Undergrad: 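Here it is: the structure, laid out below.
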Amino acid sequence: MDTRTTEYKVLCEVHFLHDYYLIDSSYKSFFAQNKEQQQLLLNRKLQAGKYDMRRNFELLLNKEALELIKNHKIRLMPSPLGFSIAIEVKSEPQPDGSIRYRPAISFAENAELYVGLNIVNPLFSNISSVELHQSDKYIYSFSNTGSRSENTLSSPISNLDTNQFYRIGDLAQFGGTIQQALEDNRGDFTKWIPVSGSGFVNGADRVLDTTTPFFQDWSLGFFIPKSKPFGIIHLKFQTDNPDFSLITSDGYLVTRRPPGTNRANPKRFELRFLSRWAYWRYTKKEGFLQSEIDAINNRAATFLEWQGNKAVTRNPRYFAQSLTFFGAPGDIHLPNAQPESLRQEGGRLYSDIAFNAINAFPK
């Protein structure tokens with residue numbers, strides 16, 4: 001007797017993890033936490049409705065992708081974390097008690113799906129460590145093919161090149177760690193500090209040339225023309241690296257239900273976004289009072305320095321949705337900078353916080 005049943009199973013999930021929304025009040029990066037802590041934080045944010053990446057991205061599917069979805073009974077389902085892809089399958093119990101799933105309609109060996117990402121949040125570039133200048137011909141390209149680490153769709157972060165020009169916030173590998181640029185520089189080792197985590201969206205991902213025939217064909221494949229997207233996610237169903245494949249060499253989903261469990265665990269990919277960082281600059285139009293200068297010198301000197309009549313953070317700080325406190329107990333509580341207004345000056349990014357009658361200097 002045939003015990004197989006037809007149903008839908010998730011082929012893979014793609015999660016967009018963004019530190020701007022996940023840095024906690026103690027200013028600890030999401031990517032500096034262990035997996036258990038990360039999951040607890042994500043669950044808490046999701047339950048409170050405080051994490052929804054649909055406010056940043058919409059998914060773009062051209063006619064070719066829609067045809068693949070229709071012909072293979074695929075469901076692409078956006079979610080607060082990103083999106084998931086489910087397909088109709090036939091379940092097949094295995095002798096070891098596990099359950100494997102075979103696509104109801106088999107895929108060609110070279111089957112692939114392209115999903116475009118269009119930015120819908122006008123402040124996305126301000127809160128994200130991505131290229132600010134979108135005027136050139138390149139966009140981001142993410143894929144489950146080629147050299148990848150862990151479960152990220154980003155390209156490996158390149159080694160520091162002393163002949164390359166870097167902008168503040170860029171990432172590079174050296175000294176056995178991932179480092180981030182404190183300001184614009186040409187491979188100057190003194191202008192970088194280490195960051196926690198790995199697999200971040202980075203400059204090596206921004207390589208898709210929008211003048212190439214591939215992109216022209218992709219962009220012309222929409223019923224309604226689309227403007228240049230932020231990037232494109234390329235998902236190949238079978239890859240040379242089995243850790244990144246969605247379909248096994250014998251035609252089953254990589255997703256399977258282990259023995260003794262009630263849930264199948266799908267493949268999960270991630271795009272990891274660091275928050276934008278900038279130097280926070282505190283100003284007062286009429287000048288600081290002597291008492292306020294003394295307060296900064298006595299209770300904020302570990303993290304602020306004077307640049308003329310402005311008090312500036314010694315290092316750039318990440319923007320965060322949560323209010324963060326910096327300094328030691330007893331230090332002055334200063335307001336957080338906001339990402340709406342960024343200034344580029346002398347190879348640095350600044351965000352100004354102006355004290356005035358409405359926004360008074362803290363007591």
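Computed from a predicted structure; not experimentally measured.
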Undergrad: Regarding Asn297 and Trp306, is there a side-chain donor-to-acceptor distance under 3.5 Å anywhere?
TA: yes
Undergrad: If the plane angle is over 60° it's perpendicular, under 30° parallel, otherwise tilted; pick one for Trp218 and Phe222.
TA: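 Ring orientation of Trp218 relative to Phe222: perpendicular.
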Undergrad: Determine whether the side chains of Tyr21 and Asn56 contain a donor N or O and an acceptor N or O closer than 3.5 Å.
TA: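 The answer is yes; a qualifying pair exists.
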Undergrad: If you look at every heavy atom in Leu42 and Leu17, which pair is closest and at what distance?
TA: CD1-CD2, 3.9 Å
Undergrad: Does a donor on one side chain sit under 3.5 Å from an acceptor on the other, for Gln39 and Asn43?
TA: yes
Undergrad: With side-chain hydrogen bond (donor to acceptor under 3.5 Å, both in side chains) as the test, would you mind laying out the steps for Asn159 and Gln173 before giving the verdict?
TA: CA-CA 4 Å; Asn159 291 326; Gln173 292 258 18; 6.0 Å; no
Undergrad: Quick one: side chain to side chain contact (heavy atoms under 4.5 Å, CB included) partners of Thr145, sequence neighbours excluded?
TA: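 Residues passing side chain to side chain contact (heavy atoms under 4.5 Å, CB included) with Thr145: Ser143, His234, Lys236, Thr239.
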Undergrad: Name the residue from Ile69, Val10, Leu113, Val14 that meets the side-chain contact (heavy atoms from CB on, under 4.5 Å) definition with Ile85.
TA: Leu113
Undergrad: Go through the side-chain N and O atoms of Asp352 and Trp280 and say whether any donor and acceptor fall under 3.5 Å apart.
TA: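 No - no donor-acceptor pair under 3.5 Å links their side chains.
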Undergrad: Going through the distances and angles, do Tyr282 and Phe361 end up as a ring pair (Phe, Tyr, Trp, His ring centres under 6.0 Å)?
TA: CA-CA 10 Å; Tyr282 295 89; Phe361 189 86; 8.6 Å; no
Undergrad: For the residue pair Phe57 and Phe273, categorise the inter-ring angle as parallel (less than 30°), tilted (30 to 60°) or perpendicular (more than 60°).
TA: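 The rings of Phe57 and Phe273 sit tilted, inter-plane angle from 30° to 60°.
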Undergrad: Examine Tyr27 together with Phe326 and report whether their ring centres are nearer than 6.0 Å.
TA: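 Aromatic pair excluded; centres sit 6.0 Å or further apart.
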Undergrad: For Tyr318 and Gln180, does a side-chain donor sit closer than 3.5 Å to a side-chain acceptor?
TA: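 The answer is yes; a qualifying pair exists.
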Undergrad: Do any N or O atoms from the side chain of Ser79 and from the backbone of Gly82 form a donor-acceptor pair under 3.5 angstrom?
TA: yes
Undergrad: If the threshold is 4.0 Å, N to carboxylate O, is there a salt bridge linking Arg299 and Asp331?
TA: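 No salt bridge links Arg299 with Asp331.
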Undergrad: Angle between ring planes, Phe269 versus Phe244, binned at 30° and 60°: parallel, tilted or perpendicular?
TA: parallel
Undergrad: When the ring centroid of Phe237 is compared with that of Phe107, is the distance short of 6.0 Å?
TA: yes
Undergrad: Would you say Gln290 and Asp294 are linked by a side-chain donor-acceptor pair, where the criterion is simply a distance under 3.5 Å?
TA: yes
Undergrad: Applying the side chain to side chain donor-acceptor pair (under 3.5 Å) test to Tyr252, which of Lys90, Arg102, Gln94 qualifies?
TA: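 Checked Lys90, Arg102, Gln94 against Tyr252; only one passes side chain to side chain donor-acceptor pair (under 3.5 Å): Arg102.
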Undergrad: Do the side chains of Arg100 and Glu92 get close enough for a salt bridge, i.e. N-O under 4.0 angstrom?
TA: no
Undergrad: Might you work through the side-chain hydrogen bond (donor to acceptor under 3.5 Å, both in side chains) test for Ser141 and Asp205, ending with a clear yes or no?
TA: CA-CA 5 Å; Ser141 176; Asp205 295 313; over 6 Å; no
Undergrad: What distance do Asp243 atom CG and Asn144 atom CG have between them, rounded to the nearest 0.5 Å?
TA: 11.5 Å
Undergrad: Could I get the full list of salt bridge (Lys or Arg N to Asp or Glu O under 4.0 Å) partners for Lys73, not counting sequence neighbours?
TA: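 Glu88.
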Undergrad: Can you measure from CD (Glu286) to CZ (Phe288) and round to the nearest 0.5 angstrom?
TA: 9.0 Å
Undergrad: Does Lys50 NZ have over 12 foreign heavy atoms under 6.0 Å away?
TA: no
Undergrad: Will you find, in the side chains of Gln238 and Ser249, an N or O donor that is under 3.5 Å from an N or O acceptor?
TA: no
Undergrad: Taking ring-ring contact (aromatic ring centres under 6.0 Å, His included) as the test, write out the residues that go with Phe83, two or more places apart.
TA: none
Undergrad: Is Arg272 salt-bridged to Glu150, cutoff N-O under 4.0 Å?
TA: yes
Undergrad: Examine Phe214 together with Tyr114 and report whether their ring centres are nearer than 6.0 Å.
TA: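 Ring centroids of Phe214 and Tyr114 are less than 6.0 Å from each other.
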Undergrad: Please round to the nearest 0.5 Å and tell me the distance separating atom CG of Leu274 and atom CD1 of Ile127.
TA: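 If we round to the nearest 0.5 Å, Leu274:CG and Ile127:CD1 are 12.5 Å apart.
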Undergrad: Using a distance-only test with no angle check, is there a side-chain donor-acceptor pair under 3.5 angstrom linking Thr162 and Gln164?
TA: no
